[in-house]
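Beneath this line is the structure, given in structure tokens, with notes to follow.
Counting starts at 1 for both ligands and their atoms, in listed order. The residues of the chain are indexed from 1 along the displayed sequence.
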Amino acid sequence: MADPAVLKTPDEMRSFSLMALREDKSLGFVPTMGALHAGHKALIERARKENDLVVVSIFVNPTQFGPGEDFEKYPRTFEADEKLCAQAGADAIFFPDKKAMYSENARTFVEVGGLQDVLCGMSRPGHFRGVATVVTKLFNLVRPTRAYFGRKDAQQLRIIQTMTRDLDLPVEVVPCEIVREPDGLAMSSRNKYLSPPQRKQALCLAHALAHCKKAVAGGERDAMKLIGEMAEIVEDESDGEIDYIAIVNAETLDDVAVIAGECLAAMAVKIGQTRLIDNVRLNG
Ligand code: PAF
């Protein structure tokens with residue numbers, strides 16, 4: 001288990017990528033904001049299996065946090081992250097600072113019209129513009145063959161797939177399954193914020209979504225009915241504040257009335273001060 005190289009500047013990152021290119025090596029990339037957990041580890045391990053080289057980026061991207069969000073207090077745990085990257089077999093960690101990533105008068109942004117404004121985009125305006133912009137920049141610096149994204153951030157994944165297609169970015173976006181705790185809670189760096197009672201309440205998301213999936217498997221197709229039932233479960237099991245509960249077409253992210261084809265049941269619920277998201281895929 002060799003320690004991964006830590007690349008702190010865009011120039012160091014570019015040299016690494018150029019070396020990979022010259023040696024005709026495939027490069028798997030896992031972009032993260034750090035505070036790594038088993039979900040990230042699964043992404044890195046998959047990248048390890050499928051590529052000659054693996055790069056993990058750790059960058060808490062300021063442009064995807066809105067005013068009053070948790071940018072300042074977002075967990076920064078570099079030493080533990082470095083260990084996890086080593087265990088999972090990463091070759092390098094790209095760990096730039098804010099100044100290296102954004103010039104003071106940066107004025108170019110990437111927007112994915114429509115997809116960025118629904119679901120999480122409604123209560124986090126500007127969030128996906130920040131994500132799409134930083135991921136484009138990271139793709140340009142890292143020049144990956146494949147990039148690995150978890151399905152927990154389903155809207156983010158859809159936006160990145162669309163942006164990659166629309167801008168002809170030469171990278172294969174690889175979606176990876178959600179990794180859950182044994183009791184069903186989706187892994188998230190923000191789970192660290194939950195107190196023990198809140199941690200219990202947080203299970204309401206997974207419970208509501210599991211109910212929805214089971215009902216659809218049993219033949220239910222009425223989206224409004226299922227949304228109502230999911231809301232009831234969340235309200236019964238927690239005193240969380242529902243941001244949204246939706247059933248949408250998995251490709252367009254448009255609301256559906258009747259579940260047909262590939263759909264997504266998705267929700268965001270605030271437990272205390274912690275906004276949690278989760279989703280399941282439905283096959284109507
Ligand atoms: O999913 C995340 O951790 C972030 O949104 C990403 C993709 C690393 C961009 O900052």
Side-chain angles (χ1 to χ4, degrees), residues 7 10 13 27-44 46-47 54-66 69-78 80-81 84-85 88 90 92-102 106 109-112 115-116 119-121 123-142 144 146-164 167 169 171-179 186-193 266 268 274-279:
L7 313 171
M13 185 63 248
L27 200 161
F29 176 42
V30 181
T32 81
M33 298 206 298
L36 303 183
H37 50 66
H40 295 112
K41 193 166 182 219
L43 301 180
I44 303 168
R46 176 143 179 212
V54 176
V55 173
V56 178
S57 65
I58 297 180
F59 178 60
V60 186
N61 172 37
T63 65
Q64 69 189 75
F65 289 81
E69 290 191 350
D70 56 345
F71 174 69
E72 296 300 340
K73 75 164 193 170
Y74 197 83
R76 287 155 172 90
T77 56
F78 185 76
D81 293 348
L84 184 143
C85 287
I93 301 174
F94 179 39
F95 184 48
D97 65 19
K98 186 176 148 191
K99 265 201 196 143
M101 285 300 284
Y102 290 105
F109 296 92
V110 179
E111 306 220 14
V112 183
L115 292 180
Q116 68 179 11
L119 304 175
C120 290
S123 52
R124 303 189 72 190
H127 169 68
F128 289 112
R129 172 173 117 137
V131 170
T133 303
V134 82
V135 172
T136 305
K137 288 163 72 69
L138 289 167
F139 281 180
N140 283 334
L141 292 167
V142 178
R146 300 181 188 85
Y148 296 79
F149 292 87
R151 288 191 185 276
K152 185 175 80 70
D153 297 300
Q155 184 174 10
Q156 167 173 287
L157 170 64
R158 196 66 209 107
I159 284 172
I160 288 163
Q161 286 171 324
T162 305
M163 158 192 120
T164 304
L167 299 179
L169 303 180
V171 48
E172 181 190 340
V173 174
V174 183
C176 300
E177 288 315 313
I178 299 176
V179 178
M187 299 261 179
S188 163
S189 304
R190 290 192 168 96
N191 291 348
K192 284 192 168 74
Y193 299 149
T274 309
R275 188 175 176 282
L276 299 175
I277 59 171
D278 198 354
N279 69 84

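For Ala90, the side-chain contact (heavy atoms from CB on, under 4.5 Å) criterion is met by Ile44, Val54, Val56, Cys85, not counting sequence neighbours. Residues forming a side-chain contact (heavy atoms from CB on, under 4.5 Å) with Thr133 (at least two apart in sequence, or on another chain): Phe109, Val110, Arg129, Lys137.
For atom 7 (C) of ligand 1, the closest heavy atom belonging to the protein is Gln156 NE2, 3.5 Å.
For the residue pair Arg158/Gln155, the side-chain donor-acceptor check at 3.5 Å is not satisfied. For the 3.5 Å distance criterion, the side chains of Tyr74 and Asn61 fail to qualify, holding no donor opposite an acceptor.
Heavy-atom proximity to atom 10 (O) of ligand 1, evaluated over Met33, His40, Gln64, is greatest for Gln64.
For ligand 1, the atoms lying closer than 4.0 Å to a non-hydrogen atom of Val134 are 9 (C), 10 (O).
By the criterion of a heavy-atom distance under 4.0 Å, the backbone of Thr32, and not its side chain, is placed next to ligand 1.
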